[in-house]
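Heads up: the structure comes next, in structure tokens.
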Amino acid sequence: QVQLVESGGRLVQAGGSLRLSCAASGRTFSSYTMGWFRQAPGKEREFVAAISRSEGSTYYADSVKARFTIARDNAKNTVYLQMNSLKPEDTAVYYCAATRRGAMLTRSFEYTYWGQGTQVTVSS
């Protein structure tokens, strides 16, 4: 089992940058594929980015490609989401998630463990 705690969300102006962090408990962090999802008010939770266990592969939603970067530090049990050129439509609660499955997974039900979320608000 793994517990996830996100941090780094805050209010930022459009065009700005933020880095979210997700700290994981446990000794087997490197065995999990990690993902970031987000949920805006009144909308369904949507996939943002995923990274493989070995850091070798990443995958992004089209809406964030070239603006967001997912990375992980297995020595620190942490996954990051660097968000640049933020837009008001990026406003949402951002969640990190973990799964033992090895594929790049984009659907929320495919992830087993979830953090509590961190709020990102982008003002215009």
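A quick note: this is a predicted structure, and the numbers were derived from the prediction, not measured.
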Looking at Arg72 and Thr33, would you say the former's side chain and the latter's main chain have a donor-acceptor pair under 3.5 Å?
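No, the answer is negative, given that no donor and acceptor are paired below the 3.5 Å cut-off.
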Look at the side chain of Gln39 and the backbone N and O of Ala92, then say whether any donor-acceptor pair between them is shorter than 3.5 Å.
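Checking the backbone N and O of Ala92 against the side chain of Gln39, no donor-acceptor pair under 3.5 Å is found.
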Heavy-atom closest pair, residues [X] and [Y]:
X	Y	answer
Asn74	Arg53	ND2-O, 3.2 Å
Tyr94	Val48	CE2-CG2, 4.3 Å
Tyr60	Ile70	OH-N, 2.9 Å
Glu6	Gly117	OE1-N, 2.9 Å

May I have all residue pairs that pass salt bridge (charged side-chain N to carboxylate O under 4.0 Å, His left out) and include part of residues 108-124, sequence neighbours excluded?
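As it turns out, the salt bridge (charged side-chain N to carboxylate O under 4.0 Å, His left out) pairs with a partner in residues 108-124, which skip direct neighbours, are Arg107-Glu110.
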Among residues two or more places apart or on two chains, list those pairs meeting salt bridge (charged side-chain N to carboxylate O under 4.0 Å, His left out) that have a residue in residues 40-49.
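Qualifying pairs, neighbours excluded: Arg38-Glu46.
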Which residues pass the side-chain hydrogen bond (donor to acceptor under 3.5 Å, both in side chains) test with [X], not counting sequence neighbours?
X	answer
Thr112	none
Ser31	Arg100
Arg101	none
Tyr95	none

What residues, two or more places apart in sequence or in another chain, satisfy salt bridge (Lys or Arg N to Asp or Glu O under 4.0 Å) together with Lys65?
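With neighbours one apart ignored, the set is Asp62.
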Going by the rule salt bridge (Lys or Arg N to Asp or Glu O under 4.0 Å), which residues pair with Glu89 if we only count those two or more places apart in sequence or in a different chain?
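If we apply the salt bridge (Lys or Arg N to Asp or Glu O under 4.0 Å) test to Glu89, skipping adjacent residues, there are no hits.
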Hydrophobic cluster membership, Leu86 vs Tyr80, 4.5 Å side-chain cutoff:
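No.
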Is there a path of hydrophobic side-chain contacts, each under 4.5 Å between heavy atoms, that joins Val122 and Trp36?
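The answer is yes; both residues are in one hydrophobic cluster.
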Would you indicate whether Tyr113, at its atom OH, is surrounded by more than 12 heavy atoms from other residues, nucleotides or ligands within a distance under 6.0 Å?
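More than 12 heavy atoms, drawn from other residues, nucleotides or ligands, come within 6.0 Å of this atom.
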Ignoring hydrogens and angles, write down the donor-acceptor pairs under 3.5 Å from the side chains of residues 9-26, residues two or more places apart or on other chains.
| from | atom 1 | to | atom 2 | distance (Å) |
| --- | --- | --- | --- | --- |
| Ser17 | OG | Asn84 | OD1 | 2.9 |
| Ser25 | OG | Gln3 | N | 2.9 |

How far does OG of Ser85 sit from CZ of Arg67, to the nearest 0.5 angstrom?
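Atom-to-atom, Ser85:OG and Arg67:CZ are 7.0 Å apart.
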Point-to-point distance, once rounded to the nearest 0.5 Å, from OG1 of Thr121 to CG of Asp90:
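If we round to the nearest 0.5 Å, Thr121:OG1 and Asp90:CG are 11.0 Å apart.
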Please identify each residue that fulfils ring pair (Phe, Tyr, Trp, His ring centres under 6.0 Å) with Phe37, with sequence neighbours left out.
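Phe47, Tyr111, Trp114.
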